[in-house]
Amino acid sequence: MTNARLADIAAQAGVSEATVSRVLNGKAGVSAATRQAVLTALDLMGYERPQRLRQRSNGLIGLVTPELDNPIFPAFAQAIERALTQHGYTPVLCTQSPGGMQEDDFTELLLERGVTGILFVSGLHASTTARVDRYMRLTDRGLPIVLIDGYNETIKAPFVSPDDRHAARLAVQHLVDLGHERIGLAVGQRRFVPVIRKMEGFRQAMSQLLGITDCDDLIQDSLFTVEGGQAAAQVLLDRGCTGIVCASDLMALGAIRAARQRDLSVPGDVSVVGYDDSPLIPFTDPPLTTVRKPIAAMAQAAVASLLEEINGIPSRNIELVFQCELVVRGSTGSGPLVNR
């Protein structure tokens, strides 16, 4: 490798050219963190790793996700794949799509490939109407699994979840602080555990902060899509809501579209809060106020839990719950109470 390329990699990794040379030549005297920084710089700049630096895989790990149209799922997949790779495992990404292979199909395929474990993101485990025996069969045969974003107390496996109740309360509190008193919730289908929890948090916040104990007409369920958010927001706007809390960033973008179709400005007339803080969301028009899901922390915890099982620690039903964070941007503003 030329000195110019060494200098580029050194600058990207924040180390000296001599350190880069030692890593590329497999020399001793370089810490694991520094070595990883150099390899990351090498990958980011599109250089091929020397043969001696290519890792031998400890095994295959299945990663089953919903469709990648929602940017939160690619973000999850990337964070999980990064964590698995750092521990020497090779991720096998299985992406579901309408009309294509589904979770059970992918599970059978992964078992045929002899995977060491499987991570499920927002899978059937999140639905209160889905059978759980599919997961019990996996745990009964001793296959390590971890389930992300959803919970079922009968499945003997680790779960990793965001605190959806707290997320909804954060959003409502923010809108109340801005002066909104007619606040609606746009969520996905009510059979999903994360939806149920968001609804519980919303109801609790509305009762405690505004004294509203009957919230049924302020909750509208739909699909976790732009179109679903638009449809739900249309109903909530008809019911006089000046603030709308959405269960995903995509739904929030649909709510903004619904407001603009009525010549309502966001946030001048209607405030909208999303959920996830997906990549590129800070660059929407207006930049979206949202509740950030801790993707990196959840991914690391999921991989750590899976590795514990792989290393012989018996699986058990436990849920690791992670706190979310409100990120205030330009889609929320003063409500009618403040403007009086």
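Keep in mind that this is a model prediction, so the values were computed, not measured.
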Trainee: Regarding Asp221 and Gln189, do their side chains bring together a donor and an acceptor under 3.5 Å, going by distance alone?
Mentor: no
Trainee: Under 3.5 Å, side chain of Arg239 to main-chain N/O of Asp217, donor-acceptor pair present?
Mentor: yes
Trainee: So if you build clusters from Ile, Leu, Val, Met, Phe, Trp, Tyr with side-chain heavy-atom gaps below 4.5 Å, do Leu175 and Ile244 land together?
Mentor: no
Trainee: Spell out, as yes or no, whether a donor-acceptor pair under 3.5 Å connects the side chain of Thr19 to the backbone of Val15.
Mentor: no
Trainee: Whether the side chain of Gln102 engages the backbone of Gly100 through a donor-acceptor N/O pair (distance < 3.5 Å, no angle test) should be reported.
Mentor: yes
Trainee: Is there a donor-acceptor contact under 3.5 Å from the side chain of His125 to the main chain of Ile148?
Mentor: yes
Trainee: Specify the closest pair of heavy atoms between Ser278 and Pro282, including all atoms of both residues, with the distance to one decimal.
Mentor: O-CD, 4.1 Å
Trainee: For a quick test of reading the model, state the closest non-hydrogen atom pair linking Gly150 to Val193 and the distance between them.
Mentor: CA-CB, 4.4 Å
Trainee: Which atom names give the shortest non-hydrogen contact between Ala168 and Gly201, and what distance separates them?
Mentor: CB-C, 4.0 Å
Trainee: Could you check if a side-chain atom of Met101 sits within less than 4.5 angstrom of a side-chain atom of Gln96, using non-hydrogen atoms only?
Mentor: no
Trainee: Considering only NZ, NE, NH1 and NH2 on the basic side and carboxylate oxygens on the acidic side, decide whether Arg260 and Asp269 come within less than 4.0 Å.
Mentor: no
Trainee: Would you check if Leu143 and Tyr135 make a side-chain contact, meaning some heavy-atom pair closer than 4.5 Å?
Mentor: no
Trainee: Side-chain donor-acceptor pair under 3.5 Å between Gln261 and Gln230, yes or no?
Mentor: yes
Trainee: Looking at Glu200 and Arg165, would you say the former's side chain and the latter's main chain have a donor-acceptor pair under 3.5 Å?
Mentor: no
Trainee: Can you tell me how far apart CD1 (Ile183) and CG (Leu210) are? Round to the nearest 0.5 Å.
Mentor: 5.5 Å
Trainee: If you define the side chain from C-beta out and look only at heavy atoms, does anything of His174 sit under 4.5 Å from Leu170?
Mentor: no
Trainee: Taking the inter-plane angle between the rings of Phe159 and Tyr151 on a 0 to 90° scale, is it parallel (under 30°), tilted (30 to 60°) or perpendicular (over 60°)?
Mentor: perpendicular
Trainee: Checking side-chain polar atoms at under 3.5 Å, does Glu67 have a donor or acceptor matched by the opposite partner on Ser97?
Mentor: no
Trainee: Verify, without hydrogens or angle tests, whether Ser265 (side chain) and Pro267 (backbone) share a donor-acceptor contact under 3.5 angstrom.
Mentor: no
Trainee: Side chain to side chain contact (heavy atoms under 4.5 Å, CB included), that's the test. Do Arg182 and Leu218 meet it? Break it down for me.
Mentor: CA-CA 8 Å; Arg182 189 71 175 168; Leu218 299 176; 3.5 Å; yes
Trainee: So, for Pro66 and Thr95, which heavy atoms are closest and what is the spacing to 0.1 Å?
Mentor: O-CG2, 3.4 Å
Trainee: Hydrogens and angles aside, do Thr332 and Ser271 bring a side-chain donor and acceptor to less than 3.5 Å of each other?
Mentor: no
Trainee: Less than 4.5 Å apart, any side-chain heavy atom of Leu93 and any of Glu81?
Mentor: yes
Trainee: If you define the side chain from C-beta out and look only at heavy atoms, does anything of Ile295 sit under 4.5 Å from Asp277?
Mentor: no
Trainee: I'd like to know if the side chain of Asp177 pairs up with that of Gln173 as donor and acceptor (distance under 3.5 Å, no hydrogens or angles considered).
Mentor: yes
Trainee: Hey, mind stepping through Phe202 and Cys215 against side chain to side chain contact (heavy atoms under 4.5 Å, CB included) and telling me if it holds?
Mentor: CA-CA 9 Å; Phe202 178 79; Cys215 297; 4.1 Å; yes
Trainee: Could you state whether Val272 and Ile72 fall into the same hydrophobic cluster, counting links through intermediate Ile, Leu, Val, Met, Phe, Trp or Tyr residues with side-chain heavy atoms under 4.5 angstrom apart?
Mentor: no
Trainee: Are side-chain heavy atoms of Val270 and Thr242 found at a separation under 4.5 Å?
Mentor: no
Trainee: Which heavy atom of Val266 sits nearest to which heavy atom of Ala259, and what is that distance?
Mentor: CG2-CB, 3.8 Å
Trainee: Dump the intermediate steps for side chain to side chain contact (heavy atoms under 4.5 Å, CB included) on Thr289 and Val327, then the final yes or no.
Mentor: CA-CA 6 Å; Thr289 293; Val327 182; over 6 Å; no
Trainee: May I ask whether Ile318 and Val321 are part of the same hydrophobic cluster, defined by side-chain heavy atoms of I, L, V, M, F, W, Y residues being less than 4.5 angstrom apart, directly or through others?
Mentor: no
Trainee: For atom CD of Gln78, is the number of surrounding heavy atoms from other residues, nucleotides or ligands below 6.0 Å larger than 12?
Mentor: no
Trainee: So how far is it from Met206 CE to Asp214 CG, rounded to the nearest 0.5 Å?
Mentor: 10.5 Å
Trainee: According to side chain to side chain donor-acceptor pair (under 3.5 Å), who are the partners of Arg134, at least two apart in sequence or on a separate chain?
Mentor: Asp104
Trainee: Is Ser305 reaching over with its side chain to a backbone N or O of Ala301, donor-acceptor style, under 3.5 angstrom?
Mentor: yes
Trainee: Do NZ/NE/NH1/NH2 and the carboxylate oxygens of Arg203 and Asp216 come within less than 4.0 Å?
Mentor: yes
Trainee: So which pairs with a foot in residues 258-307 pass ring pair (Phe, Tyr, Trp, His ring centres under 6.0 Å), sequence neighbours left out?
Mentor: none
Trainee: To the nearest 0.5 Å, what is the distance between CD1 (Ile281) and CG (Leu253)?
Mentor: 4.5 Å
Trainee: Distance-only, no hydrogens or angles: does the Asn317 side chain make a donor-acceptor pair with backbone N or O of Ile155 under 3.5 Å?
Mentor: yes
Trainee: Would you find a donor on one side and an acceptor on the other, under 3.5 Å apart, between the side chain of Ser331 and the backbone of Pro286?
Mentor: no
Trainee: Taking the basic N atoms (NZ, or NE/NH1/NH2) and the acidic carboxylate oxygens, is any pair closer than 4.0 Å for Asp249 and Lys293?
Mentor: no
Trainee: With a 3.5 Å distance limit and no angle check, can you tell me whether Thr290 reaches the backbone of Gly274 through a side-chain donor-acceptor pair?
Mentor: yes
Trainee: Sequence neighbours excluded, which residues qualify as ring-ring contact (aromatic ring centres under 6.0 Å, His included) partners of Phe73?
Mentor: none
Trainee: Would you give the length of the straight line joining atom CD of Gln208 to atom CZ of Arg169, rounded to the nearest 0.5 angstrom?
Mentor: 7.5 Å
Trainee: If every non-hydrogen atom of Pro158 is compared with every non-hydrogen atom of Ile145, which pair is closest and at what distance?
Mentor: CD-O, 3.4 Å
Trainee: Please tell me whether Met298 and Leu307 are part of a single hydrophobic cluster in this structure, the criterion being side-chain heavy atoms less than 4.5 Å apart.
Mentor: yes
Trainee: Can you check side chain to side chain contact (heavy atoms under 4.5 Å, CB included) on Met199 and Leu185, steps first, answer last?
Mentor: CA-CA 8 Å; Met199 291 169 56; Leu185 176 67; 4.0 Å; yes
Trainee: Can you tell if the side chain of Leu306 reaches within under 4.5 Å of the side chain of Ile118, non-hydrogen atoms only?
Mentor: no
Trainee: Could you tell me whether Arg197 and Asp164 make a salt bridge, using a distance below 4.0 angstrom between a side-chain N and a carboxylate O?
Mentor: no
Trainee: Are Leu209 and Ile212 connected in the hydrophobic side-chain network, where two residues link if heavy atoms are under 4.5 Å apart?
Mentor: yes
Trainee: Please name the residue in the list Val146, Asp149, Thr107 that meets the side chain to side chain contact (heavy atoms under 4.5 Å, CB included) test with Phe120.
Mentor: Thr107
Trainee: When rounded to the nearest 0.5 angstrom, what distance separates CG in Asn70 from OG1 in Thr65?
Mentor: 10.5 Å
Trainee: OG1/Thr116 to CG/Asn58 distance, rounded to the nearest 0.5 angstrom?
Mentor: 8.5 Å
Trainee: Is there a side-chain contact between Leu110 and Leu60, using heavy atoms and a 4.5 Å cut-off?
Mentor: no
